[in-house]
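Everything on this sheet refers to the single structure shown next.
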Amino acid sequence: MNVSGITTLDEFIIKKQADFPYSTGELSRLLRDIGFAAKIVHREVNKAGLIRNILGKTGNTNVQGEEVQKLDSYANEKFLNALELDGECAGVVSEENEEPIIFDHKNSISSKYIIAMDPLDGSSNIDVNVSVGTIFSIYRRKSDPNSKCTMEDFLQSGINQAAAGYVIYGSSTMLVYTTGRGVNGFTLDPSIGEFCLSHENIQMPQQGNTYSINFGNYARFLSPGVKKYLDYCNEVDPETGRPYSMRYVGSMVADIHRSILKGGIFMYPPTDDAPEGKLRLLYECNPLAYIVEQAGGVASSGTKRILDIEPKDIHQRVSIYIGSYNMVNRVLNFVNE
Ligand code: AHM
Ligand code: MG
């Protein structure tokens with residue numbers, strides 16, 4: 001803490017490094033690079049409506065066949081630049097790039113870490129001034145840190161994450177991260193350009209009264225248990241606080257951030273047009289699962305703990321039920337009945 005009584009993200013990271021006596025500071029520097037890139041993306045997200053040519057689509061499609069928004073590409077470029085320049089990581093898997101990006105500068109090659117990230121998630125919300133987010137996951141690489149990183153470095157189970165976090169560009173911009181010792185949240189104070197510690201050691205309520213799901217998919221859900229759970233959520237039972245409220249932003253970072261702070265559940269189950277689920281294991285589900293577990297919640301694919309899934313493909317999709325402990329366990333009972 002400095003004289004102003006504020007703890008900035010950079011100060012916090014340095015303080016926490018002391019918890020790991022043999023650490024080289026590399027992970028700390030990597031987290032600071034991410035914080036820096038997040039500030040640049042925050043700046044652009046905030047003036048997006050004012051700048052010609054930044055909203056809308058690029059005309060390209062990404063690896064999932066979806067149209068790429070200009071701000072997605074911009075965020076991708078800024079994060080990749082920040083991560084490559086300082087040589088703190090050996091390579092990056094991004095939602096925006098079909099293949100992993102493998103850095104070849106000597107500093108990057110000697111780095112112990114790789115990153116999986118979705119630079120700007122919630123693309124359908126970009127043009128309409130609704131919250132979007134960045135999601136990231138950091139792993140220690142498996143390959144020898146004096147060579148370029150390889151595919152096996154990226155195809156690790158979520159349980160191996162060294163750190164994970166998200167940035168939410170909402171009514172304020174927040175960065176929330178964990179290194180496996182609790183979850184801490186920092187709010188950007190734009191007047192000083194710093195992320196300041198605002199939510200220390202976040203623990204989520206075991207039970208909430210909201211559920212988040214794309215209800216428009218009701219007829220398409222493949223699991224009858226999901227429909228039964230939704231009927232359960234909508235039933236009137238004042239003793240258990242039902243019916244629950246339905247809240248769905250369409251940006252998973254925003255929906256899960258709300259569940260983390262207030263309690264709740266977020267679901268993206270298999271549908272007839274996305275039988276494996278829609279969301280991506282490496283850079284959407286794993287990092288959020290790690291944070292939610294660290295905050296006392298649960299994240300499951302319906303049959304397996306998200307963090308235990310062994311990825312086969314860097315853009316693999318998975319179904320997800322994530323949030324407050326009691327609520328996720330309840331939906332799993334319905335799904336596996
Ligand atoms: P994106 O990576 O193209 O932005 O898609 C991910 C987003 C999530 O943030 C959100 O929860 C989900 O897609 C919404 O999907 P849907 O519009 O099918 O409900
Ligand atoms: Mg995404």
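Start at 1 and go down the list; that is how both ligands and their atoms are numbered.
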Ligand 1 to V253 polar contact by distance, N or O atoms, under 3.5 Å: no
Closest to the Mg ion (ligand 2), which N/O/S atom of E95 is it? OE1
How does D118 reach ligand 1, if at all, at less than 4.0 Å between non-hydrogen atoms: by side chain, backbone, both, or neither? side chain
V183 to I291 - nearest heavy-atom pair and separation: CG2-O, 3.5 Å
Only heavy atoms of N214, strictly under 4.0 Å: list the atoms of ligand 1 that pass. 16 (P), 18 (O), 19 (O)
In E284, the N, O or S atom nearest to the Mg ion (ligand 2) is which? OE2
Can you tell me how the ring of Y218 sits relative to the ring of F221, calling it parallel under 30°, perpendicular over 60° and tilted otherwise? perpendicular
Closest D121 atom to the Mg ion (ligand 2) [N, O or S only]: OD1
Are any of the N or O atoms of S124 closer than 3.5 Å to those of ligand 1? no
Taking only non-hydrogen atoms of E284 and a 4.0 Å limit, the atoms of ligand 1 in range are 2 (O), 6 (C)
Nearest 0.5 angstrom please: L9 CG to L188 CG, how far? 10.0 Å
Where's the contact between S251 and ligand 1, heavy-atom distance under 4.0 Å: side chain, backbone, both or neither? backbone
Residue pair N286 / S137, side-chain donor-acceptor N/O under 3.5 Å: no
Can E276 and S319 be counted as having a side-chain donor-acceptor contact under 3.5 angstrom? no
Could you check whether S259 and Y211, counting side-chain N and O atoms only, form a donor-acceptor pair closer than 3.5 Å? no
Ignoring angles and geometry beyond distance, decide whether N217 reaches within less than 3.5 Å of ligand 1 through its nitrogen or oxygen atoms. no
Could you list which atoms of ligand 1 come closer than 4.0 Å to a heavy atom of Y248? 11 (O), 12 (C), 14 (C), 15 (O), 16 (P), 19 (O)
When you check the side-chain N and O atoms of Q17 and S28, is any donor under 3.5 Å from an acceptor? yes
Is it the case that ligand 1 has an N or O less than 3.5 angstrom from some N or O of G122? yes
Under 4.0 Å from one or more heavy atoms of F266, ligand 1 contributes atoms 11 (O)
Ignoring hydrogens and angles, state whether a donor on the side chain of T8 or D10 is under 3.5 Å from an acceptor on the partner side chain. no
For R280, counting its heavy atoms only, list the atoms of ligand 1 lying under 4.0 Å from any of them. 2 (O), 5 (O)
Heavy atom under 4.0 Å from ligand 1: found in D255's side chain, backbone, both, or neither? neither
With no hydrogens and no angle check, just 3.5 Å: does a side-chain donor-acceptor pair link T240 and D237? yes
What atom name does the N, O or S atom of D118 nearest to the Mg ion (ligand 2) carry? OD2
Quiz question: by atom type and distance under 3.5 Å, do the side chains of R258 and S212 form a donor-acceptor pair? yes
